[in-house]
There are 2 protein chains.
Amino acid sequence: MILAGKIKPGERINESQLAAALQVSRAPIREACRQLEKHNIVEVRTNRGTFVRNIDAKEVAELYDVRAALDSLAGERAAERMTPAAVQELTKHLKLMEAFTAQEDVAAYYRANLDFHMAVVRVSANNSLINLYESVCKQALLFRRTSLSLPNRLCVSLDQHKQIFSALNSGRGDWAAALLKNHVLEAGRALVSAIEPKTMELEAG
Amino acid sequence: MILAGKIKPGERINESQLAAALQVSRAPIREACRQLEKHNIVEVRTNRGTFVRNIDAKEVAELYDVRAALDSLAGERAAERMTPAAVQELTKHLKLMEAFTAQEDVAAYYRANLDFHMAVVRVSANNSLINLYESVCKQALLFRRTSLSLPNRLCVSLDQHKQIFSALNSGRGDWAAALLKNHVLEAGRALVSAIEPKTMELEAG
DNA sequence: GAGATAAAAAGTGTCGACAGGTGACGGACT
DNA sequence: AGTCCGTCACCTGTCGACACTTTTTATCTC
């Protein structure tokens, strides 16, 4: 989507203007906006237009709280449905994360991290959960303003994922659920505390 | 929504036809369809139209699994944020449920039941959770084909709600979470087995 | 000069019409 | 008779224009 870096958060989208810029009518623009609204990326207010959602630290915390609950459920169910293919898939992601930790490539690690969690969710074989999880993650990804440079957390995070995999692999659903919940909540807290001081500075200045 | 009993599940929505029937243009119909798509009530396929989602027992089970996780989270957070106003609100719903149980008014009890859970979710003060929970509940409400006549379950359900309220009121978040999760999962299982008599027969036989 | 009101400008919601695509029916070929 | 292809009707996607709402601006009054 163009939102990646084209339109600032909080800004409103001018349908006519965008339509003229893209050489199309307003109808496709509207369709696209509704599609984005479906994923909670923009907010449509009646007779006032569509605004790019501006996510603050409070909402990040909320989303991670929800994500933790969903991850927990995914782990619980995934443990009941582990297959050789699933083991191989998760192992692949773990190897990648291990490599990126050694290289201290935070961005790549973060992507592999997301892939790992997504894989766990898929193993749960709950389509409703899969869709909801994707939606929540997309929303949480809206504030990529700060590249989260927490290199010392990488080792801790990697170890947590290994424990989660171990729990899943041994069929300990409740254990995996607890580990996942704790892991995501920790990550959320780290992210919020990394973001908050900057917003505080902005508010102060 | 008109879907309540007007259009059969799985059926496609003819925009022109509906527009003519409602004396409006196709644009509002499209808008409404996208709104419904946002809530996962209909499915839009490109160049093929919008179809009312046909939810089967499997998906009901999935949704209730997710709902249980969300309810659990809501209970955990609500216990941390209970206020006198919240106590009063929840008590009100409990009283209503008690009255409807005495009258054996299943439909009214069911509505009050939903209100109670929704109130708990609101007390959690997590807007993302509130929106997601509403969405999941709306989806789960898509198959009201069978009026769930389980009068003997009413007393059990009412008792469970009282226990949940007690846990919330005493600030025992993890207890409330466990009770809620169990309660919703039970309700989901009851609903699924009530909807799919064939699977019950299979399991019994 | 500040606040309020009213008019103008801007923008979204809606409308009727046209273009492109999809599914179905019918005919021809194997 | 079965299968494949071309044609056709129906429907969605898109377009430009109009109506209503919101916002801005300019004027008037205190």
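Everything quoted here is computed from the prediction, not taken from an experiment. Reminder, nothing fancy here: chain letters follow the sequence lines and each chain counts from 1. Every heavy atom of this structure was used, including side-chain atoms; hydrogens, water molecules and symmetry mates were not.
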Send over the distance from [X] [atom1] to [N] [atom2], rounded to a whole Å.
X: Glu31(B); N: dC15(C); atom1: CD; atom2: C1'; answer: 13 Å
X: Glu37(B); N: dG13(D); atom1: CD; atom2: C1'; answer: 14 Å
X: Asn14(A); N: dT12(C); atom1: CG; atom2: P; answer: 5 Å
X: Gln17(B); N: dT12(D); atom1: CD; atom2: C1'; answer: 14 Å
X: Gln23(A); N: dG16(D); atom1: CD; atom2: C1'; answer: 15 Å
X: Gln35(A); N: dT14(D); atom1: CD; atom2: P; answer: 11 Å

So, OP1 or OP2 of [N]: does either fall under 4.0 Å of a side-chain N or O from [X]?
X: Arg34(A); N: dG13(C); result: yes
X: Arg30(B); N: dG13(D); result: yes
X: Arg45(A); N: dT22(D); result: no

From the options [options], select the nucleotide whose nearest atom is closest to the side chain of [X].
X: Ala27(B); options: dG11(C), dC15(D), dT14(C); answer: dT14(C)
X: Arg26(A); options: dC15(C), dT12(C), dG13(D); answer: dT12(C)
X: Asn47(A); options: dT22(C), dT22(D), dC15(D); answer: dT22(D)
X: Arg48(A); options: dC15(D), dT23(D), dT12(C); answer: dT23(D)
X: Glu15(A); options: dT12(D), dG16(D), dG13(C); answer: dG13(C)

Item to complete: State yes or no: are the ring centers of His93(A) and His117(A) separated by less than 6.0 Å?
Response: no
Discussion item. I want to check something: taking the side chain as every heavy atom from C-beta on, are Thr50(A) and Arg12(A) in contact at a cut-off of under 4.5 Å?
Written reply: no
Practice prompt. Find out whether Met82(B) and Val87(B) are in side-chain contact, i.e. whether some heavy atom of one side chain is under 4.5 Å from a heavy atom of the other.
Written response: yes
Worksheet entry | Charged N-O contact under 4.0 Å between Asp65(A) and Arg77(B) | yes
Worksheet item: Can a cation-pi geometry be assigned to Arg45(B) and Phe51(B), taking NZ or CZ under 6.0 Å from the six-membered ring centre and within 45° of the ring axis?
Response: yes
Worksheet, complete the sentence: By nearest-nucleotide position on DNA chain D, the 5'-leaning member of Thr46(A) and Ser25(A) is Ser25(A)
